Amino acid sequence: MNCAVLQFPGSNCDQDAVKAVAGTLSLKADLVWHETADLNAYDLIIVPGGFSYGDYLRAGAIARFSKAMQATVAAAERGAYVLGICNGFQILTEAGLLPGALRRNDHRQFRCDMVELEVVNGATDFTRAYEKARVTIPIAHGEGNYYVDDEMLKRLEENQQIVFRYASEQSPNGSVANIAGVINERGNVLGMMPHPERAVSERLGSTDGISLFRSILTSWRDGHAS
Amino acid sequence: MRREPTEQEIRDQRMYVKFGLTDDEYARICTRLGRLPNYTETGVFSVMWSEHCSYKSSRKHLRRFPTQGTHVLQGPGENAGIIDIGDNLAVSFKMESHNHPTAVEPYQGAATGVGGIIRDVFTMGARPIALLNSLRFGTLDQARTRYLFSHAVEGIAFYGNCIGIPTVGGEVVFDARYAENPLVNAMCIGLMTHDQIATGHASGVGNPVLVVGAKTGRDGIHGATFASAQDPNEKERSAVQVGDPFMEKLLLEACLELIATGRVVGIQDMGAAGLTSSSAEMASRAGSGLTLDVSRVPCRETGMSPYEIMLSESQERMLVVMKEGESAIAEEIFAKWGLEATVIGRVTDDGSLRITEGERVAAELPIAALVDEAPVLDRPAVRPAYLDQLNVAPVRLSTQGDLTGDLLALVAEPTIASKEWVYRQYDTMVRTETLVRPGADAAVIGIPDSQKAIATSADGNGKYVYLNPRQGGAMAVAEAARNIVCTGARPLAVTDCLNYGNPEKPEIFYQFRESIDGMSEACEKLGTPVISGNVSFYNETGGQDIYPTPIIGMVGLLEQAERLVTSAFKRGEGAVYLLAPKGQAIRDGLGGSAYLAMKRPDEALSYQLPAFDLDAEKAVQDACLALAEAGVLAAAHDISDGGLAVALAESCVQGSVGLAVAVTIAPDDEQEVLLFGESPSRILVQVRAGQEKRLKELASSFLVSFLPLGAVAETDRFHITLNEKTAIDAEVSALRDAWRGAIASWMN
Amino acid sequence: MNFIASIRVTLKESVLDPQGSAVVHALHSLSFTSVSDVRIGKYMEVSFHADDEQTARAQVSRMCDQLLTNPVIETYSFTLAEVRE
Amino acid sequence: MNFIASIRVTLKESVLDPQGSAVVHALHSLSFTSVSDVRIGKYMEVSFHADDEQTARAQVSRMCDQLLTNPVIETYSFTLAEVRE
Ligand SMILES: Nc1ncnc2c1ncn2[C@@H]1O[C@H](COP(=O)(O)OP(=O)(O)O)[C@@H](O)[C@H]1O
Ligand SMILES: [Mg+2]
């Protein structure tokens, strides 16, 4: 599986994603500069966390127009896996690869914490390796307050596109229906506010991000078995 | 364009006074130059000779700090100090104040403080890996304080989070003394290999000088002078800058990439007094001269005069000297990051700073006069009368106290309460190397691809220094080191940020001078040289000075990261002991304590501090370190604000465990001192299961006492028995709620 | 011709505005008790050149639709002024 | 009488507006190359009650000075509209 981690001016979890891929899958992910227009070689594209273009205007609003993002849209169309983490999730919604929008947290503060998540859909290509329904993965964001209107929410629920929810009754940011991560209809693009790449070893306080990376590799192998 | 005043007008109308120069200083400048300085030159002198840049009040005294050590690669004098941590690795760190800007615009003031200290570290060639901040505000019952506090924290979070450096520690103290003069001290730590070290030297005649990063605007002109002004609210309001962490992130990446090429001769960040101080200091260090054409400096605004360009404090800029003929490399690398790198001049050998605007010479000044010959003052120091009126501290306040109630109230005092409300706004985990996040004694950060980790802590207690400047200074260093050894790390070196009132008052200057001696003695004893630092004077409003508040930032090394010890008590492990100086587990009353301040606010400043002995401190720290290295400790926690009872409560809450403590003390009426007294040099330790024998063996080899306190319990009860009577009986969950909820309840 | 467009971006009515409610509270505690509601949005001034007013208007709309606002949660309105040197 | 104040808050001319510069770049790369400058500020709508227009005006100024803006780096302007049920 060839893996790319996009790098925008202002990305700051790019190296962490590379480290996590190496640590959990023993694969060397390529850092891909935002001016790259060709992502044909990649099976997994990670859009990492950070503050692309300073998150000025709106988080993810400017990054979406980069060449690398246009190539990512094309890659998603051909069926490659796309994983947007935190700022990456914001970029994917701005780019229209995922529904909804991420607003400022309802309490108006940045929030960094270990949070408990419910794995709502453990059957996706990104979550099939999860053996438990509750996992602990950190968040770190100021604009993670997921919004969709009622109609879209119904559709997400019907299609089982809600992949992660915050497990505590009160979400850490005010998200509609406690949503922490959603997948597209086709099932190859996942966006999530929590940081699985920060939960890959005991010394970081959680290993619950490992299964996410493993799931992708297993799914990719299955897809390429025949 | 406005006409600039002429040389004669500046003299005749004493315009230099507005710039912050005294009659004396102005006369000296005229004599030195042999002529009258023009407008630009007067401006340049005024910032270079300001307290902020010249350290004129403090310079003489700062020399007493120990700065040597076999592991010191770079001591004070550069943008940041550097220490060796072995394996060709080094860490660079420094702390700096942004107090005055924060008082005026807390969000941007605090944010740009963080931005400035990050630049200081990456100019050394180090990649920043951690941030800390030390904060002082008034009391939270004041709406203005809540405004300053919440916005300053938000500004710190905004900058650090955006640039992607974890904020891993710090401290916050609330006291009415800081209501008008909040303190924001920011510290940054960077990691590098030995061959990456860069310095701020402008050497090599003919080498090109470049301005890189953001464009120059009119912001912050005279910020350096303003930092030294007595009333921050009266000063020029244009002196506040706006930070752009996105720009700084790009600048950081570009500079590190540039330094890695090996073609950089010298590099320095443009902080206070912008282009003026960076150019003068770089030339001064190299003994060279510079000629700069300000018309080539990329400006954000039109019609900027040489004066404005030289004094602008626009953020996110650097001055770089490249090897001759290599400036194109800089332009290329910066272009990749979407930034400008522009040659604005050359290095010369005539010892002067020549500023031109195109062909016209706008200023020409001897660098020695700007830097080395800046005034050094010998300010008078007089022992304040209050020091001789302090009483021997009481050992008991109430005849019939509700000690449980007292503990619950004490843990909810904002200064003692959990600072989670603050640090949950900081990204503490980015870079995925934060092994101990905020909330413990010291933060621990792993070194990538290595067994090593560093521990770091920022500490200071202004009230202690007020009550006993010399001892208080030493205690600040001791506490920082104690926090470090509690993680199992060995203290290595110190950066400091010295925040004081008006140095022109002899009593204030006495506090300054004495506390420096105290800090120096402690640094000497504990083997932690001072490698960088910063001074902030004039933290005074309406005649009221802040407490003398030196903050110590310390870094220590853990050779084996997996050996690290945390402060949370753990289930299934052994007993809890009090590690203290021999025969002195309890002593000397409640002077200076948070308990006294809570119960008898009017008398909080009336009593002497408990005694402090550096040899005893060193013995306790050595013992703790040896125990940690031997793998005997399940937990270790320093006893500081709030005393033993608060420290026990914190370790229980952090570990979600109960506790049963039983101690016999004589005489019977020293209960409150035992529970809440703040005698220094004490550490709580929990021994690993089955290791009690090892503990006793090891302990006897140190001149320290190990007082058994009790055992961790599987319950929700926090129970302390003194002389066979229940002294405190609380639910751990109640302590937790009081401790964790206190600041949030004020802020919501 | 040189123009300045003054653009006001607000959250859609249906989208909760937590910042606004926080400001209402703060105003109340400063004893501006007669304040009943606050909505907070963005204000932008874009200086640009266009051949005529109609083109200018169309351009501003496109900038807003493509970049300056997110139609999922925001709406906008703007006024246009010609600038003469 | 019920009023709505529409308040525009912008950074002072001399103060760096990092958001604005980022947006200029983005607009250029979207081929809105005729854009020369963007300033980004806040827009607020405050609904409140006052006895008459003059009092209303004075109140809005005080809200802006005390809470809604920081005069050190920002300036503001507003328009006032009466609302009839
Ligand atoms: N401003 C702050 N920023 C980040 N962390 C903080 C801040 N203030 C306090 N903390 C964290 O809270 C914990 C407790 O701080 P403090 O009460 O000062 O501890 P101690 O008395 O052991 O030095 C520490 O881990 C510290 O790093
Ligand atoms: Mg401590």
Side-chain angles (χ1 to χ4, degrees), chain A residues 52-66 69-70 73 87 89-111 141-156 170-179 182 191, chain C residues 3-30 32 35-50 56-80:
Chain A
S52 55
Y53 299 90
D55 270 0
Y56 293 140
L57 193 61
R58 292 182 312 280
I62 300 179
R64 130 193 199 206
F65 293 104
S66 64
M69 267 316 294
Q70 281 156 31
V73 172
N87 193 223
F89 184 17
Q90 294 160 341
I91 296 170
L92 295 183
T93 60
E94 284 280 343
L97 281 177
L98 291 172
L102 291 142
R103 300 166 296 178
R104 187 114 188 257
N105 292 350
D106 59 352
H107 46 75
R108 291 163 296 118
Q109 290 178 348
F110 191 94
R111 180 62 45 87
H141 59 249
E143 296 180 35
N145 181 352
Y146 187 68
Y147 175 82
V148 278
D149 60 22
D150 293 344
E151 198 182 317
M152 181 57 85
L153 179 63
K154 235 174 98 204
R155 262 177 63 190
L156 290 179
Q170 216 193 338
S171 88
N173 50 31
S175 288
V176 165
N178 266 352
I179 291 172
V182 294
Chain C
F3 294 92
I4 289 191
S6 300
I7 307 168
R8 292 169 299 276
V9 182
T10 48
L11 286 173
K12 285 183 180 167
E13 280 288 346
S14 57
V15 178
L16 209 77
D17 176 13
Q19 246 184 307
S21 355
V23 172
V24 171
H25 276 129
L27 285 170
H28 284 182
S29 71
L30 284 176
F32 293 104
V35 172
S36 55
D37 190 33
V38 176
R39 303 281 295 176
I40 298 201
K42 277 179 261 188
Y43 175 69
M44 307 181 200
E45 286 177 356
V46 178
S47 310
F48 67 111
H49 178 92
R57 256 179 211 292
Q59 273 201 30
V60 176
S61 295
R62 278 196 293 125
M63 289 182 218
C64 287
D65 293 336
Q66 283 182 37
L67 177 72
L68 301 179
T69 73
N70 181 343
V72 177
I73 46 173
E74 295 170 331
T75 57
Y76 66 89
S77 63
F78 66 88
T79 57
L80 200 62

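These figures come from a predicted structure and were not determined experimentally. By convention in this document, chain letters (A, B, ...) are assigned in the order of the sequence lines, proteins followed by strands, and residues within each chain are numbered from 1.
Proximity to chain A involves both the backbone and the side chain of L68(C), based on heavy atoms less than 4.5 angstrom apart. Neither the backbone nor the side chain of K12(C) comes within contact range of chain A; no heavy atoms are under 4.5 Å apart.
Across every non-hydrogen atom of K42(C) and L57(A), the tightest pair is NZ-O, 2.8 Å. Listed here is the closest heavy atom pair of L67(C) and F65(A): CD1-CE1, 3.5 Å.
Note: I73(C) CD1 to L102(A) CG = 8.5 Å, rounded to the nearest 0.5 Å. The structure places CZ of R64(A) at 7.5 Å from CD of Q66(C), a figure rounded to the nearest 0.5 Å.
Applying a 4.5 Å heavy-atom cutoff, the residues of residues 15-24 of chain C that approach chain A are V15(C), L16(C), P18(C), Q19(C), A22(C). For a heavy-atom cut-off of 4.5 Å, chain C lies close to E94(A) in residues 91-99 of chain A.
Residue H107(A) places its NE2 atom among more than 12 non-hydrogen atoms of other residues, nucleotides or ligands, all under 6.0 Å distant. A 6.0 Å sphere centred on CZ of R155(A) holds no more than 12 heavy atoms belonging to other residues, nucleotides or ligands.
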